[in-house]
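Every chain is numbered from 1, with letters handed out A, B, ... down the list of sequences.
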2 protein chains.
Amino acid sequence: MTTQPAQSEVLLTPSEVATLFRVDPKTVTRWAKAGKLSSIRTLGGHRRYRESEVLELLGVPNQRDRQA
Amino acid sequence: MTTQPAQSEVLLTPSEVATLFRVDPKTVTRWAKAGKLSSIRTLGGHRRYRESEVLELLGVPNQRDRQA
DNA sequence: AGTGAGTTGGGTAATTAGGGAA
DNA sequence: CCTGTCCTAATTACCCAACTCA
């Protein structure tokens, strides 16, 4: 462990999230627009999603909260 | 490039499962509601089904349990 | 600087959920 | 007991052109 960025979060692209949920990328965009999924924007306006949040919604137990 | 982020289950839509079983999609929904088939929900409430589980129920030998 | 893939936006069909009755 | 169908409302999928990303 050397220089660990403060809070590095693994981000997923719209198509990656869409693949996980078996939906269209556009649907993921609607979820973000509806506030059901938090999104981070690139400087060009493209959306990125937190992997931890997506996996959580998919029902995949998180490593940090595996005591739940 | 659709990089696979994490181990993801391949999911099937209700109509796809219905086609495989030669039943109405509504029937698949009843199976899920009765707990006979596990389902994952999209953020909009639509159900998705695990391909591995469906194939298992169809009698297709699973690749992961091929040592059985 | 240019190319190809991915994303965004808006608009319109197609699926799905839910309950209920045959 | 199980399934297929009818109904309405909600969600999702595919169409386009323009922009961003790597």
**Request:** Kindly compute the distance separating CZ (B:Arg48) from OG1 (B:Thr13), expressed to the nearest 0.5 Å.
**Result:** 6.0 Å
**Interatomic spacing from CG in A:Leu12 to OG in A:Ser52 - rounded to 0.5 Å** = 9.0 Å
**Request:** Give me the residues of residues 17-32 of chain B where at least one heavy atom lies under 4.0 Å from an atom of DNA chain D, by number, or none.
**Result:** B:Val23, B:Asp24, B:Lys26, B:Thr27, B:Arg30, B:Trp31
**Request:** With a 4.0 Å heavy-atom cut-off, tell me which residues in residues 35-42 of chain B come close to DNA chain D, sorted by residue number.
**Result:** B:Lys36, B:Thr42
Does [X] have any side chain to side chain contact (heavy atoms under 4.5 Å, CB included) partners at least two apart in sequence or in another chain, and if so, which?
{"X": "B:Arg30", "value": "B:Lys26, B:Thr27"}
{"X": "B:Pro25", "value": "B:Ala18"}
{"X": "A:Leu58", "value": "A:Leu20, A:Phe21, A:Val54, A:Leu55, A:Val60, B:Ile40"}

Side-chain donor-acceptor pairs under 3.5 Å in residues 31-38 of chain B, sequence neighbours left out?
residue	atom	partner	partner atom	Å
B:Ser38	OG	B:Glu53	OE1	2.2
B:Ser38	OG	B:Glu53	OE2	3.4

Whole-Å distance between [N] [atom2] and [X] [atom1]?
{"X": "A:Arg47", "N": "C:dG6", "atom1": "CZ", "atom2": "C1'", "answer": "14 Å"}
{"X": "A:Arg48", "N": "C:dT8", "atom1": "CZ", "atom2": "C1'", "answer": "12 Å"}
{"X": "A:His46", "N": "C:dG9", "atom1": "NE2", "atom2": "P", "answer": "9 Å"}
{"X": "A:Glu16", "N": "C:dT7", "atom1": "CD", "atom2": "P", "answer": "8 Å"}
{"X": "B:Leu43", "N": "D:dT11", "atom1": "CG", "atom2": "P", "answer": "11 Å"}
{"X": "A:Leu12", "N": "C:dT7", "atom1": "CG", "atom2": "P", "answer": "11 Å"}

**Item:** Partners passing salt bridge (Lys or Arg N to Asp or Glu O under 4.0 Å) against A:Arg22 (at least two apart in sequence or in another chain)
**Value:** B:Glu16
**Asked** Which residues pass the salt bridge (Lys or Arg N to Asp or Glu O under 4.0 Å) test with B:Arg50, sequence neighbours left out?
**Response** B:Glu9
**Message:** Tell me which pairs pass ring pair (Phe, Tyr, Trp, His ring centres under 6.0 Å) where either residue lies in residues 38-61 of chain B, with sequence neighbours left out.
**Reply:** none
**Item:** Verify same cluster id: B:Val28, B:Leu11 (apolar side-chain graph, 4.5 Å)
**Value:** no
**Message:** A:Thr42: which residues meet the side chain to side chain donor-acceptor pair (under 3.5 Å) condition with it, sequence neighbours left out?
**Reply:** none
**Message:** Can you tell me the base-pairing partner of D:dT3? Count Watson-Crick or G-U wobble geometry only, both distances below 3.5 Å, and say none if there is no partner.
**Reply:** C:dA22
**Prompt:** Taking the side chain of A:Lys33 as heavy atoms from C-beta outward, which of C:dG6, C:dA17, C:dG9 is closest to it?
**Reply:** C:dG9
**Complete:** With five pairs defining each end axis, the helix from C:dT3-D:dA22 to C:dG19-D:dC6 comes out bent, to 10°, by 60°
